[in-house]
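Bear in mind that the values here come from a model prediction, so they are computed numbers and not experimental data.
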Amino acid sequence: MAYSSSLSFSVCLLVLFHGCFAQIDLVTNHHQDQPWGQPQPRRQSQCQLQNLNALQPKHRFRSEAGETEFWDQNEEQFQCAGVAFLRHKIQRKGLLLPSFTSAPMLFYVEQGEGIHGAVFPGCPETYQSQSQQNIQNRPQRDQHQKLRRLKEGDVVALPAGVAHWIFNNGRSQLVLVALVDVGNDANQLDENFRKFFLAGNPQGGVVRGGQSRDRNQRQSRTQRGEREEEESQESGGNNVLSGFRDNILAQAFGIDTRLARKLQNERDNRGAIVRMEHEFEWPEEGQRRQGREEEGEEERERKWQRRQESQEEGSEEEEREERGRGRTRSGNGLEETFCSMRLKHRTPASSADVFNPRGGRITTVNSFNLPILQYLQLSAERGVLYNNAIYAPHWNMNAHSIVYITRGNGRIQIVSENGEAIFDEQVERGQVITVPQNHAVVKKAGRQGFEWIAFKTNANAKISQIAGRVSIMRGLPVDVLANSFGISREEAMRLKHNRQEVSVFSPRQGWQQ
């Protein structure tokens with residue numbers, strides 16, 4: 001009997017310690033192999049693209065103070081890239097209701113200005129705004145998390161599950177285009193777009209990215225022979241609070257059930273963008289503080305980049321020494337604290353990575369100038385081409401590129417591995433086209449110029465250029481070029497050296513269309 005008890009105790013200890021060691025090993029390997037900010041695996045998608053089309057939004061949902069448009073998620077090019085694409089148009093004094101998505105989001109301010117707020121769980125409310133209401137003749141100060149000013153050209157990043165809102169306090173319409181990376185590993189659901197609203201009663205199509213019902217519901221209703229109708233406004237609330245019992249909500253918030261029922265917004269027909277009745281003013285002190293913070297952020301960014309360049313060689317040597325001693329470097333989670341993550345990056349002409357006074361400019365937003373993107377595994381590229389200029393033929397080495405035309409017009413050509421042009425058309429403002437990874441692409445501006453924002457599915461998307469001063473042609477020996485193309489050495493030399501520009505090529509006399 002004693003032997004049996006001792007044996008049972010030993011087995012229990014063995015199981016317990018095995019579980020503990022397994023957890024320790026799991027955490028250790030996680031920090032060694034995938035430290036904070038290291039690339040997360042993406043879900044593999046089928047990319048059998050034989051033909052591409054420039055796409056316009058398919059679904060439009062009007063609200064009290066604006067509208068939301070969605071591109072068709074079922075398009076093959078979006079399925080290939082594992083993304084969803086949408087656009088918000090917010091009127092003056094319009095408020096995009098607080099919401100969050102199940103996947104990381106990157107949005108670009110195409111037009112206008114506004115105020116953006118994002119709430120990170122557990123972070124302190126360290127900012128104050130003056131309230132219009134006075135209690136006992138004393139002005140009340142409202143505490144909240146950081147607010148950010150939005151201007152045309154801003155790129156803003158949002159992790160999955162982080163609630164945010166946007167208010168248009170400008171003098172014109174505020175237009176935002178957004179990419180939601182539903183194929184990102186942070187999205188533990190399926191690859192259908194989902195937007196979770198914390199307030200209001202938005203249309204079901206806004207919640208589901210333009211889809212009136214999910215596929216299973218549509219299939220089930222079709223099998224029963226029921227007629228599908230275009231969805232308008234939901235009779236029941238479409239926010240996450242509307243599904244709870246009002247008495248539970250009342251207890252959770254410490255309020256009465258009458259107010260709890262108001263939170264559920266069941267009879268609210270204003271949609272996802274509502275007009276703000278209570279005036280929201282950005283405090284003067286907040287403006288000065290925001291300006292100082294942005295200047296400080298830009299200065300810290302410049303210093304950080306200079307420090308990175310000066311320390312890069314030393315860091316590589318240190319890493320080699322550590323590897324030689326059998327150790328690997330891993331992130332400790334403190335590179336940038338969660339609560340102080342910078343979400344916004346501006347793309348003015350002065351910050352361009354490539355500038356050609358006769359051709360245009362290219363500005364890149366990646367994890368080097370917006371570190372949170374390393375966590376989201378997304379980046380962006382803003383391009384401006386002048387009259388008849390060309391963006392060098394290239395391919396994206398490690399990312400899909402989803403291109404949205406913001407101004408002007410031009411021609412885009414995309415070539416597959418078979419040497420076939422799967423896209424060769426004129427594009428204009430408001431259209432979207434996906435350039436799959438490793439597919440060669442070239443852009444040529446029309447007479448009115450050509451501008452775009454490209455969202456890329458890698459924190460540090462890289463391109464390999466086919467022509468120009470930093471191209472693959474320049475890196476190949478003349479004899480290799482001559483024999484590969486069956487041309488003379490003189491022709492190969494011209495092929496290598498005729499274009500001395502980088503990325504953006506100015507138009508040449510006699511070549512303009």
Counting only N and O atoms by type, is there a donor-acceptor contact under 3.5 Å from the side chain of Asn369 to the main-chain atoms of Asn366? yes
Val156 versus His164: any side-chain heavy-atom pair under 4.5 Å? no
Do the non-hydrogen side-chain atoms of Arg194 and Thr101 ever get within less than 4.5 Å of each other? no
Show your reasoning for whether side chain to side chain contact (heavy atoms under 4.5 Å, CB included) applies to Gln426 and Asn409. CA-CA 7 Å; Gln426 292 283 340; Asn409 61 80; 4.1 Å; yes
Do Lys462 and Asn396 have side-chain N/O donor and acceptor atoms under 3.5 Å apart? no
Assess whether side chain to side chain donor-acceptor pair (under 3.5 Å) is satisfied between Ser416 and His439, documenting all intermediate values. CA-CA 5 Å; Ser416 69; His439 284 54; 5.3 Å; no
Mark yes or no for whether Gln437, through its side chain, and Met397, through its backbone, hold a donor-acceptor pair below 3.5 Å. yes
In the structure I gave you, are the side-chain heavy atoms of Leu150 and Ile166 within less than 4.5 Å of one another anywhere? yes
Side chain to side chain donor-acceptor pair (under 3.5 Å), that's the test. Do Gln91 and Arg275 meet it? Break it down for me. CA-CA 8 Å; Gln91 299 171 6; Arg275 197 168 307 282; 2.9 Å; yes
Side-chain heavy-atom pair Leu97, Val274 within 4.5 angstrom cut-off: yes
Taking Leu241's backbone N and O only, do any of them form a donor-acceptor pair with Asn239's side chain (distance below 3.5 Å, no angle check)? yes
Can you find a side-chain donor-acceptor pair between His88 and Thr68 that sits under 3.5 Å? yes
Which heavy atom of Lys89 sits nearest to which heavy atom of Arg87, and what is that distance? CE-NE, 3.8 Å
The reported gap from CZ in Phe423 to CD1 in Ile412 (rounded to nearest 0.5 angstrom) is 6.0 Å
Quick check against the 3.5 Å criterion: does Asn418 have a side-chain atom that pairs as donor or acceptor with the backbone of Glu420? no
Should Arg429 and Glu110 be marked as a salt bridge (charged side-chain N to carboxylate O under 4.0 Å, His left out) after you check the CA-CA gap, both sets of side-chain angles, and the distance that decides it? CA-CA 11 Å; Arg429 181 174 183 175; Glu110 180 182 0; 3.1 Å; yes
Pair Glu113-Lys151, salt bridge (charged side-chain N to carboxylate O under 4.0 Å, His left out): steps then yes or no: CA-CA 4 Å; Glu113 59 184 31; Lys151 292 184 178 180; 5.8 Å; no
Verdict with supporting geometry, Ser367 and Asn460, side chain to side chain donor-acceptor pair (under 3.5 Å): CA-CA 6 Å; Ser367 68; Asn460 295 301; 2.8 Å; yes
Listed once per pair and sorted, the salt bridge (charged side-chain N to carboxylate O under 4.0 Å, His left out) pairs that draw on residues 371-395, sequence neighbours left out: Glu381-Lys456
Side chain of Gln77, backbone of Asn51: donor and acceptor closer than 3.5 Å? no
Can you find a heavy atom in the side chain of Gln145 that is under 4.5 Å from one in the side chain of Phe120? yes
From Arg92 CZ over to Ser172 OG, what is the distance, rounded to the nearest 0.5 angstrom? 9.0 Å
For the residue pair Val403 and Thr434, establish whether any side-chain heavy-atom pair is separated by less than 4.5 Å. no
Does any N or O in the side chain of Gln188 come within less than 3.5 Å of the main-chain N or O of Asp185, such that one atom is a donor and the other an acceptor? yes
Taking the six-membered ring where the residue is Trp, are the ring centres of Trp452 and Tyr391 under 6.0 Å apart? yes
Taking the six-membered ring for Trp, are Trp71 and Phe85 parallel (under 30°), tilted (30 to 60°) or perpendicular (over 60°)? perpendicular
Output, in order, the C-alpha distance, side-chain angles, deciding distance and verdict of side chain to side chain donor-acceptor pair (under 3.5 Å) for Lys93 and Asn169. CA-CA 6 Å; Lys93 296 187 178 180; Asn169 68 333; over 6 Å; no
Are Phe450 and Lys443 close enough that some pair of their side-chain heavy atoms sits under 4.5 Å apart? yes
Can a donor-acceptor pair be found, under 3.5 Å and without considering hydrogens, that links the side chain of Lys146 to the backbone of Ala118? no
